[in-house]
Amino acid sequence: MKRIGVITRDCAGVNATIRSLVRTADNFNIEILGVLKGYDGLIDNNFIRLDRRLVSGIINQGGTILKTSRSKRFYIESEQKKAVKNIKNNNINGLIVIGGDGSLRGAHLLATKYDIPVVGIPATIDNDVNGVDLAIGAETAVNVALDALDKIRDTATSLERIFVVEVMGRECGYIALQVALAGGCEEVLIPEKDFDITKMCEEIKVGSLHGKKSWIIIVAEGKAKGHDIAKIITEKTSLETRVVVLGHIQRGGHPTSIDRIMAARLGNYAVNVLRNGVTDHCVNLKHGKLGTIPLEFAVQPKKTDVNTYYKLIKILT
Ligand code: F6P
């Protein structure tokens, strides 16, 4: 293997992953070509040669130095063929795809439909890659959200208000659950679980009668809009409610030590398995040990036991 292409999505830890795989590859005299702007860059022949020096000083940076896109074009077969042609014309012998569900689906397609050697590295704040306990970026996102939540609590307590905090999570409640438990929140609404808002409002009313003055309710964006939930609470309880939508701040920021260490290990391992002939798999850390999972499995919907955390949140309220 002489040349590996790298495609990225953005979240904290992606740059640290790029650094790890560039420097690992360099030890084997393998060149790394970064694909600029995700799958769009593959279609548009938009590459940059990465070397040891170019990846210095990025270990602590959020985002991706390669830029990225949510490529709609890559769904079109004629565009996929352009991408494959560019991979061949640039003498790329294998690809490493760093990203979440959508990116890994693209990787699986390149491996199965076009026979391109591909290895994925799970990196997504949603932490929804099947079979993967923790994706790169998820831990940082939870800490960013938790830091914001702690600040919101200062006002919630001081002004005796209800706060509804909307966090990211398009189809899963990973950030919401983690933050609700770590932040000592009263309630959490997630896509994986049915929710009775009338019951919650009754609980708030009863609590209020007994002197409880502030609540923090976490809502995963994939479940409901924070503003809609707040409106219902105010209508049903007549209590003052404020909304904070945390949004994209959760995807940025300096990666935590856990994300940097995962980035170092998974980036290094991805190069090793790819050069040893593994394809159509993504790398994974399970119980501290490195391994791989078939991409076909990784892109299936992730089944998570949300009840254990949810029950604990309710017990500790
Ligand atoms: O998939 C990660 C994620 O941050 C989701 O949590 C969120 O719903 C989505 O991406 C936002 O996407 P975009 O940045 O394209 O608006």
Side-chain angles (χ1 to χ4, degrees), residues 7-17 35-41 61-75 97-108 120-149 164-180 182-183 188-193 218-229 243-256 259 262-263 266 282 295 298-304 306:
I7 301 189
T8 60
R9 278 287 303 167
D10 72 300
C11 64
V14 166
N15 283 328
T17 313
V35 183
L36 293 166
K37 298 198 180 173
Y39 284 102
D40 276 354
Q61 285 175 19
T64 167
I65 56 164
L66 293 176
K67 316 248 188 242
T68 190
S69 62
R70 287 211 187 273
S71 177
K72 294 207 170 67
R73 290 156 64 201
F74 197 68
Y75 291 110
V97 176
I98 309 171
D101 186 53
S103 308
L104 297 179
R105 268 176 210 287
H108 182 49
I121 303 182
T124 163
I125 65 164
D126 288 352
N127 199 28
D128 57 352
V129 177
N130 193 34
V132 171
D133 289 347
L134 190 61
I136 291 167
E139 218 254 338
T140 302
V142 169
N143 281 311
V144 169
L146 188 60
D147 180 54
L149 190 75
V164 175
V165 181
E166 184 186 308
V167 298
M168 273 187 164
R170 208 174 3 195
E171 278 150 27
C172 75
Y174 175 76
I175 296 179
L177 269 184
Q178 302 285 316
V179 161
V188 54
L189 282 67
I190 51 172
E192 296 93 330
K193 202 164 170 58
I218 307 289
V219 184
E221 59 172 347
K223 180 67 172 178
K225 291 219 171 307
H227 285 282
D228 294 343
I229 298 298
V243 184
V244 179
V245 179
L246 293 183
H248 287 79
I249 65 159
Q250 294 157 97
R251 217 158 74 200
H254 300 304
T256 59
D259 274 329
M262 282 211 307
L266 292 177
C282 75
L295 281 175
V299 299
Q300 299 304 317
K302 185 174 183 177
K303 288 176 204 75
T304 320
V306 292

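Counting starts at 1 for both ligands and their atoms, following the listed order. In this text the structure is predicted, and so the values were computed from the model without any measurement.
Remark: ligand 1 and Asp126 share an N or O pair separated by less than 3.5 Å (distance only, no angle test). Looking at ligand 1, you won't find any N or O of Thr124 less than 3.5 Å from one of its N or O atoms.
The contact set between ligand 1 and Arg251, taken as ligand atoms under 4.0 Å from a residue heavy atom, comprises 3 (C), 4 (O), 9 (C), 10 (O), 11 (C), 12 (O), 13 (P), 14 (O). Here is the list of ligand 1 atoms found below 4.0 Å of a heavy atom in Ile125: 4 (O). Atoms of ligand 1 found under 4.0 Å from any heavy atom of Glu221, numbered from 1 in the order shown, are 5 (C), 6 (O), 7 (C), 8 (O). Those atoms of ligand 1 that come under 4.0 Å of a heavy atom in Met168, given as number and element, are 4 (O), 6 (O). Below 4.0 Å from some heavy atom of His248 lie the following atoms of ligand 1, by number and element: 13 (P), 14 (O), 16 (O).
Residue contacts with ligand 1, taken as heavy atom pairs separated by less than 4.0 Å, do not involve Asp101 at all.
Gln250 places a side-chain N or O within donor-acceptor distance of the main-chain N or O of Gly247, the cut-off being under 3.5 Å.
Using modelled atom types, one finds a donor on one side chain and an acceptor on the other under 3.5 Å when comparing Thr140 with Asp259.
At least one heavy atom of Gly169 sits closer than 4.0 Å to an atom of ligand 1. For Gln250, the heavy-atom gap to ligand 1 stays at 4.0 angstrom or more.
Using a 4.5 Å cut-off on side-chain heavy atoms (C-beta onward), Pro191 and Glu171 make no contact. Between Ile190 and Lys223, every side-chain heavy-atom pair lies at or beyond the 4.5 Å cut-off.
Environment of NZ in Lys302: crowded, with over 12 heavy atoms of neighbouring residues, nucleotides or ligands closer than 6.0 Å. In Lys193, the NZ atom is crowded: over 12 heavy atoms of neighbouring residues, nucleotides or ligands sit closer than 6.0 Å.
Under the side-chain contact (heavy atoms from CB on, under 4.5 Å) rule, Ile136 has a single partner from Ile121, Asn127, Ile98, which is Ile121.
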